[in-house]
2 protein chains.
Amino acid sequence: MPTSKDVARLAGVSQSTVSYVMSGRRPISEKTRKRVEDAMAQLAFQPNAGARALASRRSQVIGLAIPFVPDLHRGSMMGFISVIATTARQSDYDILLVTDDEGPAGLERVVGQQLVDGLIIMQVEGDDARVPVIRNLPVPSVLIGIPDRHEGLQCIDADFELAGQLCVEELAQVGHETVTLVNWQDAVVRRHAMNYVKRFHRGVDRAAAAAGLKVLHAPGRITISGMEKAVAKALEQTKGIPAFIAPDAANQDLLVEALNNLGLVLGKDVSVVVNCSDSLAERQHIPLTTIGFEPDEVSRRVVNMIVRDLTDPTSRPHEAVELVRPVLKRRKSTLSQRPKR
Amino acid sequence: MPTSKDVARLAGVSQSTVSYVMSGRRPISEKTRKRVEDAMAQLAFQPNAGARALASRRSQVIGLAIPFVPDLHRGSMMGFISVIATTARQSDYDILLVTDDEGPAGLERVVGQQLVDGLIIMQVEGDDARVPVIRNLPVPSVLIGIPDRHEGLQCIDADFELAGQLCVEELAQVGHETVTLVNWQDAVVRRHAMNYVKRFHRGVDRAAAAAGLKVLHAPGRITISGMEKAVAKALEQTKGIPAFIAPDAANQDLLVEALNNLGLVLGKDVSVVVNCSDSLAERQHIPLTTIGFEPDEVSRRVVNMIVRDLTDPTSRPHEAVELVRPVLKRRKSTLSQRPKR
DNA sequence: TTGAAAGCGCTACCAA
DNA sequence: TTGGTAGCGCTTTCAA
């Protein structure tokens, strides 16, 4: 493999000139630049990453901490990862995976070995063991998800509170007076209760209070019979035409099925609005009014945040919480337009 | 950050001794080893990856080429990635992502920069543009999927031919004389026609010939009405109780729905066997007899293949095609036990 | 069983 | 606008 020394010799310049042509860190005359670039092309030169990292103390690699148990959200996760990797490349960074089964120690390892210049942490929970660790790491990191204690950290997440609010407003607008919020399934609640689940609920409750709506809370059943019971109970306690908000993807199909089984016609006898917490694109097929997020946007923004930290030497450890706006997809046919008063 | 020089000083040995303690490449007395290890622990020493890569000419990183368009199989993909990363760590390798949108050039880049010691290529198609490129790369690589021309390459894939065969045998065993094979959806066929689609069909056709069954081919519709037409047509041409094989996940739900709509009772009026090309685990909820693959096994084996290449200096570029056996999950209730003769 | 020292290929400082 | 050169932190040969 050719080295920059070979390039320098062929171009008749010094090795440092070759280096400066690559980095652009000092002015080079058009003439020598051309000679160097020709030589590089002729030799098919590629700079050695290890040597570069050693000399410059920057690896041009970002560590991406991926969740170990991808049974929930597994589909959307993939979208995040590939967009993150693609976006990182645009700024000349590569992505190295850090799996969760190494635990927080994995983060210390890749940083300690100076394999990575920074970290992106996916699926951050309210009380996440990785958070105290990254606080003490000498590299910048950006979190996807908002931990309870996030002073001094940079986080980005979907705005679940706003999503909850929009769901309610949508239903209030067509005249509903009572809405039933179907919770996430238990596994999710257990894991993320203190995080986005809470934020979504808060958005729902506040908007309902503001609009004078009553909110019924149904548990997030994962069986059809459980769901039917929950729906029946909600119906009893609802006056006027019932309305449902179902944020958990696993429950959305069940809810529709349960309503069907009970002989309720969507958009006529009942309204349903769902929140797609993960990927909007993925659940396009659901014929419901949905509020979801563009996963690509989160990915792009998270990369931009860390790249800025990595390239801009000023403005260091500043706290920032970015919330990504949900996108509403309205399907009129699933909203009952004439609720009884 | 402490260096191996610092460790050496603290332990009162030379830097080379520290290096040999880490690599184990030469005998060290128990006494000095202890001193060095204590010093390392005391300083929380971590070797600098760049320096190590530069000096040893091995980065201990494996490049993982992930598909750009993960709309199909997106869920299972995630499982592959995390298991690959986890398994690689057991052999002290990290995983660097190479996105497909850099094209084959991305592979040349990471190898040329000596960022990676080897490559794992996911989702290889029959006629894959990356294949000619990796042939000329000076590092080992392992493919997931089998390209048409694979002389001298190391590939691993699910055994789709065997899967097709098992589907047919399962139906033959309960007495069916005609089976209808519902094709993959068009998008998949277009992309993978020459690869696993063909292999699955071959398995079906051969087993059918051997058992004296007739095979009807239905197109892989993606609308319910299209599916109903296809089913109706299949019924006309079937004598005895009809049986279906539906390998494409997207079609499986549709098929069941279409059968329902036509008033056919699964396991009584009709038998259905499906192949889950991607992840067995993911589609456990389907109440059908399925033939699928353990995605984790593919992932583990692919990593083991490349690690062996990377660590065992002998036995180089050898061709190998490993096929992973499908796993049958039988649900008696979905197989009609008394077909007419 | 251990040490000394020469690089690995690049960056960046100091001069010119 | 360019060149010379001293490292970056590790591995590995050569000697002892």
Side-chain angles (χ1 to χ4, degrees), chain A residues 1-37 39-40 43-61 92 109-115 117 138 311 313, chain B residues 1-37 39-40 43-61 92 110-117 138 311 313:
Chain A
M1 295 238 167
T3 71
S4 67
K5 212 171 189 168
D6 299 326
V7 174
R9 188 171 23 236
L10 181 58
V13 299
S14 78
Q15 198 181 11
S16 59
T17 298
V18 175
S19 175
Y20 286 117
V21 165
M22 290 195 282
S23 70
R25 286 178 181 283
R26 86 178 181 190
I28 302 281
S29 74
E30 207 41 63
K31 203 173 66 189
T32 54
R33 148 168 293 120
K34 178 96 176 65
R35 293 164 56 93
V36 170
E37 280 168 352
M40 294 203 294
L43 297 175
F45 167 75
Q46 311 246 76
N48 179 297
R52 168 173 283 187
L54 179 58
S56 67
R57 321 180 130 274
R58 339 183 80 255
S59 63
Q60 296 294 118
V61 173
D92 206 34
R109 182 181 64 81
V110 294
V111 171
Q113 294 183 164
Q114 291 160 76
L115 259 172
D117 297 334
T311 49
Chain B
M1 294 237 165
T3 72
S4 67
K5 214 171 188 169
D6 299 326
V7 174
R9 187 168 26 231
L10 181 58
V13 299
S14 77
Q15 197 181 14
S16 59
T17 299
V18 175
S19 176
Y20 285 118
V21 166
M22 291 193 284
S23 69
R25 288 179 180 283
R26 88 177 179 191
I28 302 280
S29 74
E30 207 40 63
K31 205 173 64 188
T32 55
R33 147 166 296 119
K34 178 92 176 65
R35 295 163 55 92
V36 170
E37 280 168 352
M40 294 203 293
L43 298 174
F45 168 75
Q46 311 246 76
N48 179 296
R52 169 173 281 186
L54 178 58
S56 67
R57 320 181 130 276
R58 336 183 81 254
S59 63
Q60 296 294 118
V61 174
D92 206 36
V110 294
V111 171
Q113 294 183 166
Q114 289 159 80
L115 258 173
V116 305
D117 296 335
T311 49

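Throughout, a chain's letter reflects where its sequence line sits, starting with A, and its residues are numbered from 1.
Within the 4.5 Å cutoff, the side chain of B:Met22 has heavy atoms near those of the B:Arg52 side chain. Contact check for B:Val111 versus B:Pro138: side-chain heavy atoms found under the 4.5 Å cut-off. When side chains are defined from C-beta on, B:Val36 does not count as touching B:Arg33, because their heavy atoms never get closer than 4.5 Å. Within the 4.5 Å cutoff, the side chain of B:Lys31 has no heavy atoms near those of the B:Lys34 side chain.
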Legend entry - Contact pattern, 5' to 3', of nucleotides 9-16 of chain C - B, S or - by protein heavy atom under 4.0 Å: BBBBBB--
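Side-chain atoms of B:Ser16 and B:Ser19 include no donor-acceptor pair closer than 3.5 Å.
No more than 12 heavy atoms of other residues, nucleotides or ligands shown are found within 6.0 angstrom of CZ on B:Arg25.
Between A:Gln113 atom CD and D:dT11 atom P there is a gap of 11 Å when expressed in whole angstrom units.
When the side-chain contact (heavy atoms from CB on, under 4.5 Å) test is applied to B:Gln114, the partners found at least two apart in sequence or on another chain are A:Met1, A:Asn48, B:Arg57.
With axes fitted over five pairs at each extremity, the angle between the ends of the helix from C:dT1-D:dA16 to C:dA16-D:dT1 is 30° (10° resolution).
Panel note: side chain B:Ser59, backbone B:Leu115; a donor-acceptor pair is recorded below 3.5 Å.
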